[in-house]
Structures are given as C-alpha cells and as structure tokens.
Q: 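Okay, here's the structure, questions in a sec.
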Protein chains: 2
Amino acid sequence: MDYSYMESYLKAISDHNRMLILKYLSKDSLCICEFTELLDMTQPAVSQHMRKLKTAELVTEEKRGRWTIWSLNVRHALYPMLIHLLSLLPEPEITVESLEAEGKKVVCE
Amino acid sequence: MDYSYMESYLKAISDHNRMLILKYLSKDSLCICEFTELLDMTQPAVSQHMRKLKTAELVTEEKRGRWTIWSLNVRHALYPMLIHLLSLLPEPEITVESLEAEGKKVVCE
DNA sequence: CCATTATATAAGTGTTTACTTATTTAATCA
DNA sequence: TGATTAAATAAGTAAACACTTATATAATGG
C-alpha cells in the first residue's frame, strides 16, 4: 500500500455525500436512482460519485437490465476499516425502508 | 461522531505530504524546521499543513523556546485507527536518523 | 539593541473538486 | 417502432486546495 493509493482511497471517502452512500451500501446494494431519492441529489451527481468510489475500488457494480446495482467491495484490504469507520456514523434520517413505504424502492428484475 | 467531523478528519489525512508528516510523528515528536528537511518543502507549506492537522485535532503542539514541538494527538477517538492506517504505509526514505547523521536534527532545549 | 532563528500569516496562482444543465447511450416495454 | 427509463458523459462554474513569495511575529543570543 503506497502513499498515492492511500491518498486516493481516503480522498474517495472524504466527502459527506460519499460517506452517506457508503453507509447505505453497508446495509444494502442499491442503484443510482435510489440514491437520488436517498440523498436528494441529481442523477449525474450521484453517477459521478459512484465513478469516484469505483475508481478507488471501494465499490463494485453489476449491470442488471436497465439498472446498475452497486455494492461495497468486500474484498478490499481496507474493507474492515471502512466498516468500522462507517459504524461510527449515525444512521441517515431517510432510510431505504422509508423509500419502500413511499413505493419508491426499485425492484430490479 | 457526525458526518461533517468525519469528513474534516479524513480530508486532513487525505494528502500525500500530511500522511508523511503523520508517519514521522508516529515515531517521534518533531518541529516544523525538521519537516522542511524531511519533506524537502518550504517552511510556510509545512506550517500550513500543521495548521490543518491541528484544526482536525490530529496533532498537538507545545511551544518550547523558539521551537514548536508537534506530536500525534494520542487522545483522539480515531488515534488507534490512524496508527493502523499509518502502519500500512512504507517507511519514508529520508529518516530522522539520517538527519541526525547530517547534523540537521534540532535539539530543542 | 540588533541580528538571527523558528514559526505564522497574508496574498496570489494554478489545479482539483463537487456540483450544474444538456446530451448521449442503452435497455425495457407498450 | 417509438416512448420511457436508468445511467453515463460532456461542458461549464464556483469554491476549496496546495502550493508560492513576501512579510510579520516572537524568542534567543551576541
């Protein structure tokens, strides 16, 4: 693990919205359109955040029909540290469950 | 620990030169003038990095005569995680010992 | 007191960041 | 096929960042 890699990794985490994204992903795999609801953010903004997280190898993506399902990269060497770090952060007010209650949860099939 | 605090903390670490500074501090307390040698960096640049680290509560300073001695803040909640993180990074080529050999190590008294 | 030394601060600059809106790509479905 | 939906990409912008040089502050020592 060199300094450049660590710098990129930490920079990818060091953002309020990306920490929220990672916090959500620590519970569930989700798609972009769900994050736009959860974070009240435009679709390109979410998309660009996901690209940063993917470049830093924090997340993985899986295409399923129209959707792209994003997950935490559980194989990353720093995954245990990431989980610990996320555990220190409070639960977001808007939950995936509240999206489901509003019927906004996407079911990808 | 809220999202803003975590963001500031991680942003403070997410820099190549500040990671080096923290790596050095994990072994020794040091002053600004030593870092200018160790990092081959101007004094104001080092000074500004230290201010960022101090604002994020990663380091503490102690004035001693003309010098300011900087140390890791061992009382920080994330100190154990920081130490683990630093342990993953390689030792810098230029060491405090090599400074001593050149007679550039400051002895503050 | 004056020169030196250690550090801090100020002001300026080029680069990066996190967004925006507009458009493109690609898959689904009526 | 054509409309809709999910996501990516492009281009533009304001703010933050990491430096630079110049200067100020403050302590030491001759």
Side-chain angles (χ1 to χ4, degrees), chain A residues 3-4 6-22 25 29-56 58-71 99 103-109, chain B residues 3-4 6-22 25 29-56 58-71 99 103-109:
Chain A
Y3 287 82
S4 292
M6 186 70 90
E7 181 175 331
S8 308
Y9 183 88
L10 291 173
K11 279 212 167 99
I13 309 180
S14 310
D15 175 83
H16 185 199
N17 285 320
R18 285 195 295 273
M19 284 195 292
L20 269 172
I21 289 172
L22 294 168
L25 288 181
S29 292
L30 293 164
C31 63
I32 305 270
C33 58
E34 286 167 317
F35 283 122
T36 64
E37 300 284 347
L38 290 165
L39 304 174
D40 190 25
M41 190 175 258
T42 64
Q43 173 269 315
V46 174
S47 203
Q48 285 159 23
H49 280 308
M50 298 318 290
R51 191 155 44 111
K52 291 210 169 184
L53 292 172
K54 201 202 168 191
T55 301
L58 278 148
V59 297
T60 58
E61 58 180 328
E62 186 203 336
K63 300 264 177 196
R64 201 179 303 171
R66 277 186 269 196
W67 294 279
T68 308
I69 313 299
W70 296 86
S71 310
L99 278 197
K104 287 179 179 169
K105 176 84 167 66
V106 175
V107 182
C108 320
E109 55 208 11
Chain B
Y3 287 81
S4 293
M6 186 70 90
E7 180 175 332
S8 308
Y9 183 87
L10 292 173
K11 279 212 166 99
I13 309 180
S14 309
D15 176 84
H16 184 198
N17 286 319
R18 285 196 295 275
M19 284 194 292
L20 268 172
I21 290 172
L22 294 168
L25 289 180
S29 293
L30 294 165
C31 63
I32 304 270
C33 57
E34 286 167 317
F35 284 120
T36 64
E37 300 283 347
L38 290 165
L39 304 173
D40 190 24
M41 191 176 258
T42 65
Q43 172 269 316
V46 174
S47 202
Q48 285 159 23
H49 281 307
M50 298 318 290
R51 191 155 45 107
K52 291 211 168 181
L53 291 172
K54 200 202 168 191
T55 300
L58 277 148
V59 298
T60 58
E61 58 180 329
E62 186 203 336
K63 300 265 178 193
R64 201 179 303 171
R66 276 185 271 194
W67 294 279
T68 309
I69 314 298
W70 296 85
S71 310
L99 278 197
K104 286 179 176 166
K105 177 84 168 67
V106 174
V107 183
C108 320
E109 52 209 13

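Sequence lines set the chain letters: A, B, ... in the order given, protein chains first and strands last, and positions in each chain run from 1.
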Q: Among dA18(C), dC19(C), dT9(D), which is the nearest nucleotide to the side chain of His49(A)?
A: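 For the His49(A) side chain, the nearest candidate turns out to be dC19(C).
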Q: Only one of Leu99(B), Val46(B), Ile21(B), Leu20(B) clears side chain to side chain contact (heavy atoms under 4.5 Å, CB included) with Leu38(B); which?
A: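 Of all the options given, the one that passes is Leu99(B).
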Q: Could you list by number each residue of residues 14-22 of chain B showing a heavy-atom separation from DNA chain C of less than 4.0 Å, or answer none if no residue does?
A: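 Residues of residues 14-22 of chain B that come under 4.0 Å of DNA chain C do not exist, since none gets that close.
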Q: Going from OG1 on Thr55(B) to CE on Met50(B), what distance comes out if it is rounded to the nearest 0.5 angstrom?
A: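 Rounded to the nearest 0.5 Å, the OG1-CE separation comes out at 11.0 Å.
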Q: So, OP1 or OP2 of dC17(D): does either fall under 4.0 Å of a side-chain N or O from Lys11(A)?
A: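 For Lys11(A), the contact criterion (side-chain N or O under 4.0 Å from OP1 or OP2 of dC17(D)) is not met.
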Q: Write down the distance between CD (Gln48(B)) and P (dA8(C)), rounded to a whole number of angstrom.
A: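 Rounding to the nearest Å, CD of Gln48(B) and P of dA8(C) are 10 Å apart.
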Q: Among the nucleotides dT7(C), dT4(C), dT28(C), which one has an atom lying closest to any side-chain atom of Arg66(A)?
A: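 The closest nucleotide is dT28(C).
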Q: Rounded to whole Å, please give me the gap between NZ in Lys63(B) and P in dT7(C).
A: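 These atoms are roughly 8 Å apart.
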Q: May I ask you to say what Met41(A) touches in the nucleic acid, namely base, sugar-phosphate or nothing, with a heavy-atom cut-off under 4.0 Å?
A: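 Result for Met41(A) = sugar-phosphate.
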Q: Assign each of Trp70(B) and Ala45(A) to its nearest nucleotide of DNA chain C by heavy atoms, then name whichever residue's nucleotide is nearer the 5' end.
A: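 Counting from the 5' end, the first nearest nucleotide belongs to Trp70(B).
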Q: Has the side chain of Arg18(B) got a donor or acceptor atom that lies under 3.5 Å from a matching backbone atom of Lys52(B)?
A: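 No; zero donor-acceptor contacts below 3.5 Å.
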Q: Taking only side-chain nitrogens and oxygens of Ser47(B), does any of them come within less than 4.0 Å of OP1 or OP2 of dA8(C)?
A: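 Yes, because at least one side-chain N or O of Ser47(B) sits under 4.0 Å from OP1 or OP2 of dA8(C).
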Q: In whole angstrom, what separates Glu7(A)'s CD from dT15(C)'s P?
A: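 My rounded result for the distance is 17 Å.
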